[in-house]
Amino acid sequence: MGISVTVTEDKIKEGWIGKAKGMKQIAYERGFLDMNNLILYSKDGPKDGDGKILDESYSLKSIVASFTDFVEEETLLQVMTRSAGKMIGLDLTVDRSPKGHPKVAGEGIEYTWANSKLYLRTVPISQRKTAQQ
C-alpha cells in the first residue's frame, strides 16, 4: 500500500495589520524608549520586592500619558456616538472611553458601561429621556 497520507502545508506567519498596539509599541514607534534598557520597561515601571516603583521613567503608562495628541484624540466610540446623536437631533457625548488598547485604558470600558447602567437603573422610567424628547 504505497499511498501517502501526509499533507504538506505552508506555515503562515501572522502579521500585525489590523491589530491593536500595546503601550510599548506606541512608545517605541515615537522614539521614547531607551533601546539599551528595554527589559526595564513595564506598565508601571520596575518595582522593588515590596512593590514600590523604583523609576517612573520606565513606566509605560507615564510615557504614553505624556503624548498629548494620543490623550486628546477622540475614540471611535466617541465619534460614532456624536454622529448618531446629530442624525436624530440629540447632543450625545461619551465622556469616558479607553484609547486603542486595554492596557492603555486601564480597567477598560467595562466599568464605564457598568456605571452607566447602574445610574440608569436609579432613574424612574417616567423620568428617562427618549429619542423623541
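For this chain, numbers begin at 1 and follow the sequence in order.
Distance check, rounded to the nearest 0.5 Å: CD1 of Ile63 to CD of Glu56 gives 9.5 Å. One distance of note links CG of Leu33 with NZ of Lys24; it measures 7.5 Å at 0.5 Å rounding. Here Phe32 contributes atom CZ and Tyr41 contributes atom OH; the two are 10.5 Å apart, rounded to the nearest 0.5 Å. Interatomic distance, CG of Leu54 versus CG of Asp48, reported as 5.0 Å (0.5 Å rounding). Once rounded to the nearest 0.5 Å, the distance linking OG1 of Thr93 with CD of Glu74 reads 9.0 Å.
Annotation: Leu120, atom CG; neighbour count of heavy atoms from other residues, nucleotides and ligands within 6.0 Å is above 12. Within 6.0 Å of CG on Asp69 lie more than 12 heavy atoms contributed by other residues, nucleotides or ligands. Heavy-atom contacts from other residues, nucleotides or ligands closer than 6.0 Å to CZ of Phe67 number more than 12.
The shortest non-hydrogen separation linking Asn37 to Asp34 is ND2-OD2, 2.6 Å. Across all their heavy atoms, Lys43 and Ser59 have their closest contact at O-OG, 3.2 Å.
Under the 4.5 Å side-chain heavy-atom criterion for ILVMFWY residues, a single connected hydrophobic cluster contains both Leu38 and Met23. Met80 and Met87 fall into different hydrophobic clusters, defined by Ile, Leu, Val, Met, Phe, Trp and Tyr side-chain heavy atoms under 4.5 Å apart, directly or through other members. Cluster membership check: Val123 does not share its hydrophobic cluster with Leu92, using side-chain heavy-atom separations under 4.5 Å among Ile, Leu, Val, Met, Phe, Trp and Tyr.
Judged by distance alone, the side chain of Thr122 and the main-chain N or O of Tyr119 form a donor-acceptor pair under 3.5 Å.
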task = Apply side-chain contact (heavy atoms from CB on, under 4.5 Å) to Tyr58 and Ile53, showing your working.
result = CA-CA 10 Å; Tyr58 291 105; Ile53 297 173; over 6 Å; no

request  = With side-chain contact (heavy atoms from CB on, under 4.5 Å) as the test, would you mind laying out the steps for Val64 and Lys61 before giving the verdict?
outcome  = CA-CA 5 Å; Val64 173; Lys61 282 170 67 174; over 6 Å; no

